[in-house]
Number of protein chains: 2
Amino acid sequence: MKEGPDIARLGSLIGDPARANMLTALLSGKALTASELAAEAGITSQTASAHLSKMEAGGLLAQRKQGRHRYFTLADDEVGSVLEAIMGLAARKGHLRTRTGPKDPALRHARVCYNHLAGDLGVQMMDSLLLRGYLTPENEGLGLTADGRAFFEEFAIDLEPLEKLRRPLCKSCLDWSNRRSHLAGSLGSALLTRFYDLAWAKRLEGSRIVSFSAGGEKEFLRLFAV
Amino acid sequence: MKEGPDIARLGSLIGDPARANMLTALLSGKALTASELAAEAGITSQTASAHLSKMEAGGLLAQRKQGRHRYFTLADDEVGSVLEAIMGLAARKGHLRTRTGPKDPALRHARVCYNHLAGDLGVQMMDSLLLRGYLTPENEGLGLTADGRAFFEEFAIDLEPLEKLRRPLCKSCLDWSNRRSHLAGSLGSALLTRFYDLAWAKRLEGSRIVSFSAGGEKEFLRLFAV
DNA sequence: AAGATGTTTCGTCTATGATCGAACCATGAA
DNA sequence: TTCATGGTTCGATCATAGACGAAACATCTT
């Protein structure tokens, strides 16, 4: 590969249309196999294989071998947030492209961003957590307050194991549609899982939409009122 | 250009080493000319020109034409933060960029720019005039307010003949050393002449340095305090 | 065991796009 | 005016990386 600043390496990885399609597919947070990703990008499996190893070498992807399949995911949360940030920028600057037309309202309302909740509801949750002082802005990041600790434990989220992880507990992620922050990090991920467990919401197959039930959304809005 | 998701367009813009070098140079926030950027990227000016127009079309850069120079900056803050985010992902520290402007401290302090005052003092004067509402930003230029009119007349500058000239009365000029604006136009020129007349300063023979006397600089700083 | 499916490696073709020389345009200086 | 300088446009060259066919490899199914 050509010499240049590291930022160019990442840029060129994201810059190929086939790879960009794969990456956006992986933004759903699901692990996808090499052939699924090939289909997603509209290329043959040989070509996809080459792309995938490049992206893995570039630190964008992680792979898990399972039987005769290889499952690929984004390497970590940061990759997801950077991709969302670029998509946000592209959406604002992309004058010519109106690919899926005026974006799907359901997608704006609630969707997964890698593994946490994004969209209007994600932003509102973040607002609420900040407003009530459960989370607090900390030098270049987010901190969990004592009140917040109590709140999450009350909501049946076990913080201890999360804090042992290498990935940050709280992280803010710029929302693609809203241009405001929502909660990422292992806590954001745990919250989304909890919503699934409570059957407040479920993933819509084959898309990034998170579909809340009527009752679930009501509970959600009450818990994270602003 | 190839079809693909918008994210790929941005990625490929960032992905070229030459362009990446230019973008990282611009991350300093300073405005740089096309040739400075060409040198930064180690390419000829023709090639740089092509890159720059692509990036401008892609919404990454804004340009400001001034005289025979073209000053480029990042289009807005969001572009900067996205670039920072990618650089963070690339786990790479921002390396040093080419130093801009003159090395001589006296030149940085006060010098002539064509026929008006530039350097630290020139920038400070501009700041002061804007801050006090004597000048005001107007669509693509600078306007003179009623207060400003009084102020300059008080300073024994006759505005009427200046306004009859073809060249604009007020013009903002990007400062070479500071990369911030100072006042150009016939008013800027008249002000410098007035400083000479008051013996606050004089031109240093054979250089662009404007040498203020101790007393003159004191008066100047009092008049254009910020 | 043979067959089917998923994935990678190899070889080759091809097209995109980065690059530069030369000429041209625009602006400022003499 | 003429000259110098910054910048762009045009044309041609050329390297790279993305694409696929074919074949090998790996793993599950029967």
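These numbers come from a predicted model, not from an experiment. In what follows, chains carry the letters A, B, and so on, assigned in the order in which the sequence lines appear, proteins first and then strands, with residues in each chain numbered from 1.
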What is the distance from [atom1] of [X] to [atom2] of [N], rounded to the nearest Å?
X	N	atom1	atom2	value
B/Asp16	C/dT19	CG	C1'	10 Å
B/Lys65	C/dG28	NZ	C1'	13 Å
B/His51	D/dT9	NE2	C1'	15 Å
B/Leu13	C/dA18	CG	P	9 Å
A/Arg9	D/dA17	CZ	C1'	14 Å
B/Ile43	D/dG7	CD1	C1'	13 Å
B/Lys54	D/dT9	NZ	C1'	14 Å

Where along nucleotides 5-12 of chain C does protein come under 4.0 Å, by heavy atom, of base (B) or sugar-phosphate alone (S), with - for untouched nucleotides? BSBBB---

Under the salt bridge (Lys or Arg N to Asp or Glu O under 4.0 Å) test, residues paired with B/Glu217 that sit two or more places apart: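 B/Glu217 satisfies salt bridge (Lys or Arg N to Asp or Glu O under 4.0 Å) with no other residue.
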
Which residues share a salt bridge (Lys or Arg N to Asp or Glu O under 4.0 Å) with A/Arg64, sequence neighbours left out: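 Testing A/Arg64 for salt bridge (Lys or Arg N to Asp or Glu O under 4.0 Å), a comparison that skips the adjacent residues, returns none.
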
Contacts table for residues 219-226 of chain B: side-chain donor-acceptor under 3.5 angstrom, sequence neighbours left out:
{"residue": "B/Glu219", "atom": "OE1", "partner": "B/Arg222", "partner atom": "NH2", "Å": "2.6"}

Using side-chain contact (heavy atoms from CB on, under 4.5 Å) as the criterion, list what pairs up with A/Gln63, not counting sequence neighbours.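 With sequence neighbours excluded, A/Gln63 shows a side-chain contact (heavy atoms from CB on, under 4.5 Å) to A/Glu56, A/Arg70, A/Phe72, given in chain and number order.
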
Measuring from atom CG of B/Leu32 to atom CG of B/Leu37, what distance do you get when rounded to the nearest 0.5 angstrom?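 The distance works out to 5.0 Å.
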
Donor-acceptor contacts, no H, no angles, side chain residues 183-195 of chain A, under 3.5 Å, sequence neighbours left out:
{"residue": "A/Thr193", "atom": "OG1", "partner": "A/Ser189", "partner atom": "O", "Å": "3.0"}
{"residue": "A/Arg194", "atom": "NE", "partner": "A/Phe155", "partner atom": "O", "Å": "2.8"}

